[in-house]
2 protein chains.
Amino acid sequence: MSVEREISPRTIERLSLYRRLLLPHHEGEDSYIFSHDLAELAGVTATQVRRDFMQLGCMGVPRTGYRIGELLSGISGILDAPAGQRAALVGVGHLGAALLNHFSGRWRWLHIHAAFDRDPDKAGSVIHGCHCFPMSELSTLIRERKIDLGIITVPRDHAQEVANQLIEAGVQGLLNFAPIRLRHGDDIYVENVDLTSAFETVAYFARCRRPSLFISESHRGFPSLDDRKLRGDDVKS
Amino acid sequence: MSVEREISPRTIERLSLYRRLLLPHHEGEDSYIFSHDLAELAGVTATQVRRDFMQLGCMGVPRTGYRIGELLSGISGILDAPAGQRAALVGVGHLGAALLNHFSGRWRWLHIHAAFDRDPDKAGSVIHGCHCFPMSELSTLIRERKIDLGIITVPRDHAQEVANQLIEAGVQGLLNFAPIRLRHGDDIYVENVDLTSAFETVAYFARCRRPSLFISESHRGFPSLDDRKLRGDDVKS
DNA sequence: GAGTGTGAAGGCCTTCACAGCT
DNA sequence: AGCTGTGAAGGCCTTCACACTC
């Protein structure tokens with residue numbers, strides 16, 4: 001039985017990335033790749049790549065590299081559920097619709113099976129290939145169709161309630177785009193995609209790269225209109 | 001308050017979260033909050049919250065808590081650029097448009113100032129309050145309007161090229177939604193929002209919570225016959 | 001007693017360094 | 001030589017434990 005140790009979240013994310021990066025390089029059974037080449041593509045170190053593959057049980061060959069087909073099959077063995085997994089998306093606003101479009105028909109083993117929205121006008125419609133249902137049918141459908149995962153793209157104030165309904169109906173995992181942290185039991189895995197944090201984080205660290213702007217006393221008020229130097233042309237790889 | 005050491009990414013993300021969670025609780029100058037209450041909201045430990053606030057230089061008072069106004073102002077002192085920061089979004093597909101909608105007019109110190117798209121039909125239009133320009137004007141506008149940040153929501157195969165253009169034009173930070181890792185110099189900060197990884201990660205860990213489904217025939221390295229074919233992966237915004 | 005501030009310890013992840021294989 | 005596999009070391013982050021304050 002393959003119930004080994006749970007692989008760390010970071011590694012899982014990289015495996016998902018490696019798979020995407022490897023697919024275009026998989027031309028025939030005899031395609032190989034070196035750890036340092038994949039590392040370059042993935043923006044990590046070669047050692048990191050080798051360690052990740054160790055966990056897969058995939059071995060490389062010195063001066064030859066790793067067989068790509070073996071890597072892909074190893075990664076699929078970890079990431080893809082043998083019986084497949086189904087997700088439901090709740091909240092078909094702009095972001096929800098974009099995700100439906102983004103994920104629609106992309107994978108065979110993992111896909112968004114149904115969408116739900118509070119707006120009765122959306123119920124009954126098909127959005128990017130996904131049927132949209134009214135909230136009243138959420139519990140029933142999730143149970144009947146054995147949906148495992150929930151994607152939450154509703155406004156902040158409804159997120160917790162929606163999460164409760166999804167959990168109550170039996171999902172084991174949530175992908176949460178609402179700007180809060182959901183309360184939930186330990187038996188549920190929740191991944192937060194916090195767009196606001198991401199945006200503000202980029203802004204902060206981008207600023208840190210420019211020492212000149214980073215020294216500030218009393219951030220209130222508008223300093224000089226132009227104390228920034230656009231030192232462009234620093235493009236190198 | 002001037003900033004000495006660069007604060008860790010994790011802490012920055014939490015500060016952004018704390019701020020959002022605190023805002024609704026800020027009623028008047030005399031509102032206070034305990035570390036364990038904020039911890040509950042943020043889904044972290046109370047110790048973690050106190051450590052984060054240590055870095056802000058915000059002190060709490062035993063049996064009283066932290067003054068919310070002071071926290072908010074401390075967080076703003078770290079996160080918000082005194083002179084403001086501007087972002088440009090490239091790739092006004094479904095996801096790009098959703099982000100424009102999501103971020104439009106939300107903050108005073110950080111906002112999306114312009115959008116760009118390859119499609120000439122989109123150029124000239126206003127999408128969720130944001131002007132859309134053709135790609136040919138990207139360099140000029142970024143330089144002229146002193147745009148600091150780039151948000152990339154173009155398909156995979158154009159992402160690196162767009163990143164190069166943005167960097168060339170002088171942005172210091174990138175928020176990348178394309179499913180690859182961008183090559184860039186050390187003077188650029190890049191934050192990847194990897195929707196596919198997030199989805200697959202939730203699927204994996206949700207599965208781990210249910211031992212019954214997790215027992216599968218060993219995939220262990222060698223290509224099995226239940227060979228699953230994956231489709232290519234690509235951001236279709 | 002109830003909460004905070006913080007040194008010390010712990011845990012997780014990444015990198016180093018180097019042995020071993022081709 | 002060139003590249004992999006991996007113990008050991010390092011670094012970052014989080015948690016523990018407890019002194020301290022109101």
Side-chain angles (χ1 to χ4, degrees), chain A residues 4-18 22 25 30-68 70-71 74 78 181 186 189 192 197 201 204-205 208, chain B residues 4-18 22 25 30-68 70-71 74 78 181 186 189 192 197 201 204-205 208 220-221:
Chain A
E4 300 129 35
R5 199 169 46 82
E6 211 174 80
I7 296 176
S8 86
R10 290 298 197 71
T11 300
I12 291 292
E13 279 168 31
R14 280 191 301 268
L15 290 180
S16 165
L17 175 62
Y18 296 157
L22 287 172
H25 287 75
D30 282 333
S31 41
Y32 287 79
I33 193 167
F34 293 128
S35 61
H36 62 261
D37 287 331
L38 181 55
E40 168 102 16
L41 290 173
V44 299
T45 66
T47 305
Q48 181 77 81
V49 169
R50 293 202 298 273
R51 274 224 123 79
D52 289 336
F53 289 163
M54 259 178 62
Q55 298 199 46
L56 285 186
C58 285
M59 295 284 169
V61 179
R63 291 191 59 82
T64 302
Y66 296 83
R67 202 163 94 237
I68 294 181
E70 192 178 323
L71 292 176
I78 300 282
R181 290 305 177 266
D186 290 342
Y189 183 86
N192 295 291
S197 277
T201 300
Y204 172 79
F205 285 105
C208 289
Chain B
E4 331 292 344
R5 200 168 50 81
E6 208 175 84
I7 297 176
S8 87
R10 291 296 197 70
T11 300
I12 291 293
E13 279 168 30
R14 280 192 301 268
L15 290 180
S16 165
L17 175 62
Y18 295 158
L22 287 172
H25 287 76
D30 283 333
S31 41
Y32 288 79
I33 193 166
F34 293 126
S35 60
H36 61 262
D37 287 330
L38 181 54
E40 167 102 18
L41 290 174
V44 299
T45 66
T47 304
Q48 182 76 82
V49 169
R50 292 202 297 273
R51 274 223 122 79
D52 289 336
F53 288 163
M54 260 177 61
Q55 298 199 45
L56 286 186
C58 284
M59 296 284 169
V61 179
R63 289 192 59 85
T64 303
Y66 296 83
R67 202 161 96 238
I68 294 180
E70 193 178 322
L71 292 175
I78 301 283
R181 291 303 177 268
D186 290 341
Y189 182 88
N192 295 291
S197 277
T201 300
Y204 173 79
F205 285 104
C208 290
R220 287 309 241 174

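Only this structure's heavy atoms are used, side chains among them; waters, hydrogens and symmetry mates stay out. Sequence lines set the chain letters: A, B, ... in the order given, protein chains first and strands last, and positions in each chain run from 1. Here the structure is a predicted model, which is why all the values come from computation and not from measurement.
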Tell me, for nucleotides 17-22 of chain D in 5' to 3' order, what letter each nucleotide earns: B for a base near a protein heavy atom under 4.0 Å, S for only sugar-phosphate near one, - for neither? ----BB
Rounded off to whole Å, could you give me the CD-to-C1' distance for the A:Q55 and D:dG5 pair?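 Atom CD in A:Q55 sits about 13 Å away from atom C1' in D:dG5.
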Applying ring-ring contact (aromatic ring centres under 6.0 Å, His included), name anything that partners [X], two or more places apart in sequence or on another chain.
X	result
A:H36	A:F34
B:F53	B:Y18, B:Y66
A:Y189	B:F205

Can you list every salt bridge (charged side-chain N to carboxylate O under 4.0 Å, His left out) pair that touches residues 48-66 of chain B, not counting sequence neighbours?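 Pairs touching residues 48-66 of chain B that pass the test: B:R14-B:D52.
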Give the first and the last nucleotide of DNA chain C, reading 5' to 3', that has any atom under 4.0 Å from a heavy atom of chain A.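 Range of nucleotides touched by chain A: C:dC13 to C:dT22.
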For B:E70, which residues count as a salt bridge (charged side-chain N to carboxylate O under 4.0 Å, His left out) partner, sequence neighbours excluded?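 B:E70: salt bridge (charged side-chain N to carboxylate O under 4.0 Å, His left out) contacts with B:R67.
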Contacts of A:E40 that satisfy side-chain hydrogen bond (donor to acceptor under 3.5 Å, both in side chains) - sequence neighbours left out: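 Result, side-chain hydrogen bond (donor to acceptor under 3.5 Å, both in side chains) vs A:E40: B:R183.
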On DNA chain D, compare the nucleotides closest to B:V44 and A:G65; which residue's is nearer the 5' end?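 It is A:G65, whose closest nucleotide lies nearer the 5' terminus.
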When you compare the side chain of A:Y32 with that of A:V61, does any pair of heavy atoms fall below 4.5 Å?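 Sidechains of A:Y32 and A:V61: no contact.
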Any idea which heavy atoms bring B:I7 and A:Y204 closest together, and the distance?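 For B:I7 and A:Y204, the tightest heavy-atom pair comes out as N-OH, 3.2 Å.
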